[in-house]
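The structure displayed is predicted, hence computed values, not measured ones. Positions are given from 1 along the sequence. Values reported hereafter were calculated over all heavy atoms of this structure, with side chains retained and with hydrogens, waters and symmetry mates removed.
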Amino acid sequence: MVVTAFNSTNQCVMGEQLGELKVSVVQGKSLVIRDFKSSDPYVVLKLGNQTAKTKVINSCLNPVWNEHLNFSLTEPVGLLSLEVFDKDRFKTDDKMGKAFLNLQPIVSVARLSHVVNISSSKETVLRKIVPDSDNCLTRESSIICINGEVVQNVWLRLCEVESGEIELTIKLINPPPST
């Protein structure tokens with residue numbers, strides 16, 4: 001399936017549909033103070049021209065969102081980026097850091113698992129990803145297959161800020177077979 005989208009300059013961009021990316025924004029840890037004693041954080045996720053936002057958690061530096069956000073994943077596979085903001089009532093929301101994750105590893109593993117038909121009911125580690133310049137990982141992350149689903153749980157370090165981490169769980173649903 002080919003998807004037609006428009007980039008930020010309204011140019012038509014075509015891409016092969018790779019499936020649905022389900023991103024669970026699980027929690028934040030050690031976020032920075034942007035108000036008097038705390039912050040009111042929320043997360044904005046971006047994938048290509050798609051954007052999704054979590055709810056605001058009031059007065060919390062270790063928020064738990066457990067929110068599920070969906071994106072259409074198309075070729076070329078890019079970066080999933082996120083920014084954390086402090087919600088302010090009377091002025092512009094304050095930035096609390098940003099992070100990114102290269103999605104190519106999970107897409108490659110999903111294609112491979114589809115070809116090899118891995119559908120074990122037990123958890124199978126398919127690939128390990130280490131922190132490097134292609135991601136903001138704070139620690140090693142495993143891409144696993146459980147009940148036929150390809151899943152990656154990550155802790156991302158927030159950049160351009162004193163402290164903070166965000167935990168995400170990513171699932172690629174209905175990946176196409178490898179060509």
Side-chain angles (χ1 to χ4, degrees), residues 5-11 13 18-74 76-107 127-144 149-173:
F6 295 91
N7 64 16
S8 59
T9 58
N10 249 359
Q11 295 172 319
V13 179
L18 295 179
E20 183 179 2
L21 189 72
K22 293 187 177 237
V23 180
S24 296
V25 181
V26 181
Q27 64 182 321
K29 184 169 85 172
S30 301
L31 301 182
V32 295
I33 296 172
R34 288 295 185 248
D35 292 333
F36 181 62
K37 289 184 178 179
S38 190
S39 292
D40 306 311
Y42 66 93
V43 179
V44 176
L45 288 165
K46 293 182 182 176
L47 179 61
N49 63 349
Q50 303 168 81
T51 302
K53 182 170 98 169
T54 67
K55 66 184 180 266
V56 174
I57 305 290
N58 292 316
S59 301
C60 191
L61 300 178
N62 297 296
V64 176
W65 286 281
N66 283 327
E67 281 194 53
H68 309 288
L69 308 169
N70 298 327
F71 297 91
S72 292
L73 189 61
T74 58
V77 176
L79 297 175
L80 176 68
S81 63
L82 67 82
E83 283 190 272
V84 182
F85 293 93
D86 168 48
K87 182 70 177 169
D88 286 324
R89 179 175 270 179
F90 299 112
K91 57 182 182 149
T92 305
D93 293 351
D94 300 312
K95 292 183 179 184
M96 296 178 67
K98 60 185 180 179
F100 64 90
L101 180 69
N102 184 350
L103 295 175
Q104 191 60 55
I106 194 169
V107 170
R127 181 172 175 188
K128 292 189 183 281
I129 309 297
V130 296
D132 65 17
S133 61
D134 281 342
N135 60 56
C136 291
L137 292 175
T138 60
R139 57 187 72 101
E140 184 178 86
S141 169
S142 295
I143 300 174
I144 62 171
E149 291 186 325
V150 177
V151 179
Q152 183 179 14
N153 184 268
V154 297
W155 277 95
L156 300 176
R157 176 186 67 264
L158 295 177
C159 301
E160 300 179 7
V161 71
E162 306 85 61
S163 68
E165 297 179 15
I166 298 291
E167 181 185 14
L168 304 177
T169 300
I170 300 166
K171 289 183 188 179
L172 182 54
I173 309 300

CG of L158 to OG1 of T138, rounded to nearest 0.5 Å, is 10.0 Å
Which heavy atom in I170 sits nearest to a heavy atom in L21, and how many Å separate them? CG2-CD1, 3.4 Å
Heavy-atom closest contact (I106 atom, V150 atom, distance): CG1-CG1, 3.8 Å
Does the side chain of N58 come within less than 4.5 Å of V56's, by heavy atoms? yes
D93 side chain to D88 main-chain N or O, any donor-acceptor pair under 3.5 Å? yes
Let's go through E165 and R139 carefully: what are the C-alpha distance in whole Å and the side-chain angles of both, what is the deciding distance for side chain to side chain contact (heavy atoms under 4.5 Å, CB included) to 0.1 Å, and is it a yes or a no? CA-CA 11 Å; E165 297 179 15; R139 57 187 72 101; 3.6 Å; yes
Closest approach of K53 and L69, non-hydrogen atoms and distance? O-CD2, 4.1 Å
Pair L47-L45, side chain to side chain contact (heavy atoms under 4.5 Å, CB included): steps then yes or no: CA-CA 7 Å; L47 179 61; L45 288 165; over 6 Å; no
Which pair of non-hydrogen atoms, one from P131 and one from E140, has the smallest distance, and what is that distance? CD-N, 4.0 Å
Output for pair (I166 CD1, K29 NZ), nearest 0.5 Å, gives 11.0 Å
To the nearest 0.5 Å, tell me how far L61 CG sits from D86 CG. 9.5 Å
Looking only at side chains, do N62 and Q27 share a donor and an acceptor under 3.5 Å apart? no
What's the verdict on side chain to side chain contact (heavy atoms under 4.5 Å, CB included) for N66 and V26, showing C-alpha distance, side-chain angles and the deciding distance? CA-CA 4 Å; N66 283 327; V26 181; 3.6 Å; yes
When rounded to the nearest 0.5 angstrom, what distance separates CD in E149 from CG in L172? 10.0 Å
State, with a plain yes or no, whether a side-chain heavy atom of L82 is found less than 4.5 Å away from one of L80. no
Could you grab the distance from atom CG of N70 to atom CD of E20, nearest 0.5 Å is fine? 4.5 Å
Taken to the nearest 0.5 Å, the spacing of Q104 CD from L79 CG works out to 10.5 Å
So K98 and S81, side chain to side chain contact (heavy atoms under 4.5 Å, CB included) or not? Walk me through it. CA-CA 7 Å; K98 60 185 180 179; S81 63; over 6 Å; no
Applying ring pair (Phe, Tyr, Trp, His ring centres under 6.0 Å), which residue pairs with at least one partner in residues 25-69 are found, sequence neighbours left out? Y42-F85
Taking the side chain as everything from C-beta on, heavy atoms only, tell me whether L156 gets closer than 4.5 Å to L137. yes
With sequence neighbours left out, which residue pairs that include part of residues 31-40 fulfil the side-chain hydrogen bond (donor to acceptor under 3.5 Å, both in side chains) condition? none
Give a yes or no on whether the backbone of S163 and the side-chain of S30 come within a donor-acceptor separation of less than 3.5 Å. no
Measure the shortest side-chain to side-chain distance between E83 and K95 over non-hydrogen atoms and say whether it is less than 4.5 angstrom. yes
Please tell me if the side chains of V130 and K128 come closer than 4.5 Å, counting only heavy atoms from C-beta onward. no
Answer yes or no: is there an ion pair linking E67 with K55, defined by an N-O contact shorter than 4.0 Å? yes
Do you know which two heavy atoms are closest between S141 and V154, and how far apart they sit? OG-CG1, 3.4 Å
Got V44 and T51 here, is their nearest side-chain heavy-atom distance under 4.5 Å? yes
State, to 0.1 Å, how close M96 and L31 come at their nearest heavy-atom pair, and which atoms those are. CE-CB, 3.7 Å
